[in-house]
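Chain naming here is simple, since letters A, B, ... match the order of the sequence lines and numbering starts at 1 in each. As a basis for the values below, the full set of heavy atoms in this structure was taken, side chains included, without hydrogen atoms, waters or symmetry mates.
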There are 2 protein chains.
Amino acid sequence: MPPDGAAEAIARLLVKLRLRDRVTEHEASVLRGAIDRIVDHPAGQVLVSEGAPLTFSILLIDGFVARFKDLAEGQRQITELHVAGDFVDLHGYLLKRLEHSICALTPVRIAIVPHAALTAITESEPHLTRMLWLSTQMDAAIQRERILSLGRRTAVARVAHVICELFHRLKIIGMVDGTSFALPITQVDLADATGLTPVHVNRMLGRLRNERLLTFRGGIAQIHDLAGLEERAEFDPAYLFMSAARR
Amino acid sequence: MPPDGAAEAIARLLVKLRLRDRVTEHEASVLRGAIDRIVDHPAGQVLVSEGAPLTFSILLIDGFVARFKDLAEGQRQITELHVAGDFVDLHGYLLKRLEHSICALTPVRIAIVPHAALTAITESEPHLTRMLWLSTQMDAAIQRERILSLGRRTAVARVAHVICELFHRLKIIGMVDGTSFALPITQVDLADATGLTPVHVNRMLGRLRNERLLTFRGGIAQIHDLAGLEERAEFDPAYLFMSAARR
DNA sequence: CGTTAAATTGAAGATCGTCAACCAAGGTGG
DNA sequence: CCACCTTGGTTGACGATCTTCAATTTAACG
């Protein structure tokens with residue numbers, strides 16, 4: 001018997017999976033049944049520590065979460081931002097431990113999915129297994145786009161790009177209100193995601209504001225000109241794999 | 001009946017998988033049987049184009065291959081380098097098309113694995129399926145480390161880091177001779193991998209040479225001081241998941 | 001030998017980081 | 001109710017890293 005909230009937890013994940021392939025009602029209920037419990041954590045909490053042995057994976061129900069790695073001199077790099085409905089460390093099921101940590105950027109609600117339940121799925125639900133595998137690969141595609149950003153985009157474009165990405169990812173799960181969305185994270189977080197300093201992120205946000213493309217203030221991102229912002233970022237949503245597979 | 005060379009093609013992949021978990025002889029032969037044919041390509045050849053529908057995946061038998069993405073102004077970013085034994089686009093099996101391209105950096109020999117064969121594996125070989133899934137996740141871990149490099153490491157460290165990574169990845173498949181290994185790619189390729197300009201890569205290689213850490217010349221990387229090089233790069237091989245899972 | 005791709009070097013400049021100060025908002029306790 | 005503190009945001013001056021542009025050398029190969 002799945003705990004209260006399991007249906008809601010799975011709902012947003014299903015939205016994303018169903019953009020790519022059919023998920024039967026049976027499969028959906030198997031997913032719901034894989035949830036052991038639902039837990040809340042405050043902002044700043046480290047949910048998974050680098051190197052720790054894992055026995056369950058985390059499905060994000062609400063809030064924002066980041067995967068990050070640290071360097072010696074206190075430098076931090078966020079490798080991926082997660083939104084509601086993301087299977088934040090499904091890859092931990094395969095890897096058994098992670099080479100990065102995971103922390104809550106805001107207060108979060110998460111669903112705990114034991115690895116044993118995932119193994120059961122792989123034993124009896126080949127199609128659902130492929131869908132879960134696919135979801136880890138959509139994740140990897142986002143990472144590749146981040147590599148491109150960090151390697152070859154200018155600072156303004158990087159900042160513009162993260163915002164565009166979050167806009168699209170939040171939109172499909174219904175968390176965008178017209179042209180604005182809640183993004184209750186700090187400029188320091190944005191800096192860690194874009195590989196810049198907080199000071200420079202601040203300036204780039206100022207520039208985007210002056211260009212009437214975007215205002216990010218008080219945890220709200222307000223996009224004034226989506227086409228313009230996407231052009232500034234050289235943003236092409238293809239890497240999000242949000243449209244049906246072409247065959 | 002697997003084609004000639006299938007055994008060799010699978011051998012190096014098995015080496016890597018077996019660092020993490022047991023692979024039975026039966027599973028190994030299933031993998032060999034999944035190979036449809038073996039093909040050679042010259043250096044520079046584009047093996048997979050961004051966006052093209054895919055019906056098979058590529059296992060690299062010999063040579064060096066890169067995944068890359070382009071930006072408008074002719075800027076190129078390599079998201080990952082591949083060595084012999086890498087399942088270069090296994091993720092294409094799930095995604096059905098890629099958001100990046102793949103090209104041969106050197107002459108290559110590749111094995112073609114039809115997606116139908118992979119589906120058959122997922123239907124009847126749950127454990128092997130998990131191992132293949134794992135292999136795509138080890139891949140993603142390498143991408144995350146690249147994100148860290150591009151976001152937070154200095155130019156010297158980035159260059160040093162790629163070399164360290166390739167050293168370790170090549171070592172486990174027996175392609176390192178003592179302290180040196182063949183890396184027949186250009187400084188332009190290194191620049192595309194590290195998010196730098198070829199000019200600056202050249203200077204950083206010069207610096208590493210002056211510091212008696214590394215000489216890269218004529219397609220051969222010669223490491224003079226591995227510990228020193230790794231320290232310069234803040235390199236920690238944990239992300240390669242080459243040791244047994246701790247439980 | 002001539003031709004081409006790759007590597008190397010120098011000079012100049014842009015982007016981004018560092019350091020440091022200051023401001024704004026929100027919460028806390030006296 | 002308001003001083004105080006903390007966190008996050010903003011701004012300016014300066015400097016380092018890396019890029020750009022351009023020329024030159026080296027190596028590989030027919």
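Straight-line distance from the CD atom of Glu73(B) to the P atom of dC21(D): 11 Å, rounded to whole Å. The separation between Phe216(B) atom CZ and dT26(D) atom C1' is 15 Å, rounded to whole Å. To the nearest angstrom, C1' of dT7(D) lies 16 Å from CZ of Arg217(A). Remark: P of dT17(D) and CD of Gln75(A) are 13 Å apart, rounded to the nearest angstrom. Rounded to whole Å, atom C1' of dG17(C) lies 15 Å from atom CD of Gln77(A). The interatomic distance linking Leu196(A) (CG) with dG9(D) (C1') rounds to 16 Å, in whole Å. Atom C1' of nucleotide dT7(D) and atom CG of Asp189(A) are separated by 13 Å, given to the nearest angstrom. Across the protein-nucleic acid pair, His200(A) atom NE2 and dC14(D) atom C1' stand 15 Å apart, rounded to whole Å.
DNA chain D is contacted by no residue of residues 147-164 of chain A, taking any non-hydrogen atom closer than 4.0 Å.
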Using ring pair (Phe, Tyr, Trp, His ring centres under 6.0 Å), reason through Tyr239(B) and His161(B) one step at a time and then give a plain yes or no. CA-CA 12 Å; Tyr239(B) 76 96; His161(B) 197 278; 5.7 Å; yes
Stepwise, does the side chain to side chain donor-acceptor pair (under 3.5 Å) test hold for Thr179(B) with His224(B)? CA-CA 7 Å; Thr179(B) 59; His224(B) 306 302; over 6 Å; no
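Below the 3.5 angstrom threshold, one finds a donor paired with an acceptor across the side chain of Arg203(B) and the base of dG10(C). Side-chain atoms of Arg207(B) and base atoms of dT9(C) include no donor and acceptor less than 3.5 Å apart.
Side-chain atoms of Arg109(B) do not come within 3.5 Å of backbone N or O of Ile38(B) as any donor-acceptor pair.
Contacts of Gly219(A) with the nucleic acid, taken as non-hydrogen atoms under 4.0 Å apart, are absent. Residue Gly218(A) is classed as having no contact, given no heavy-atom separation below 4.0 Å to the nucleic acid. Nucleic acid contact for Leu205(B): none, since no nucleic acid atom lies under 4.0 Å from a heavy atom of the residue.
By the 4.0 Å N-to-carboxylate-O rule, Glu165(A) lies close enough to Arg169(A) to be salt-bridged with it. Between Lys16(B) and Asp86(B) a salt bridge is recorded (basic side-chain N to carboxylate O distance below 4.0 Å). The pair Arg152(B)-Asp70(A) fails the salt-bridge criterion, with no side-chain N (NZ, NE, NH1 or NH2) lying under 4.0 Å from an Asp/Glu carboxylate O.
Between Asn202(A) and the phosphate of dG9(D), there is no side-chain N or O to OP1/OP2 separation shorter than 4.0 Å. OP1 or OP2 of dA5(C) has not a single side-chain nitrogen or oxygen of Gln187(B) nearer than 4.0 Å.
Between the side chains of Asp189(A) and Thr186(A), a donor-acceptor pair is found at a separation under 3.5 Å.
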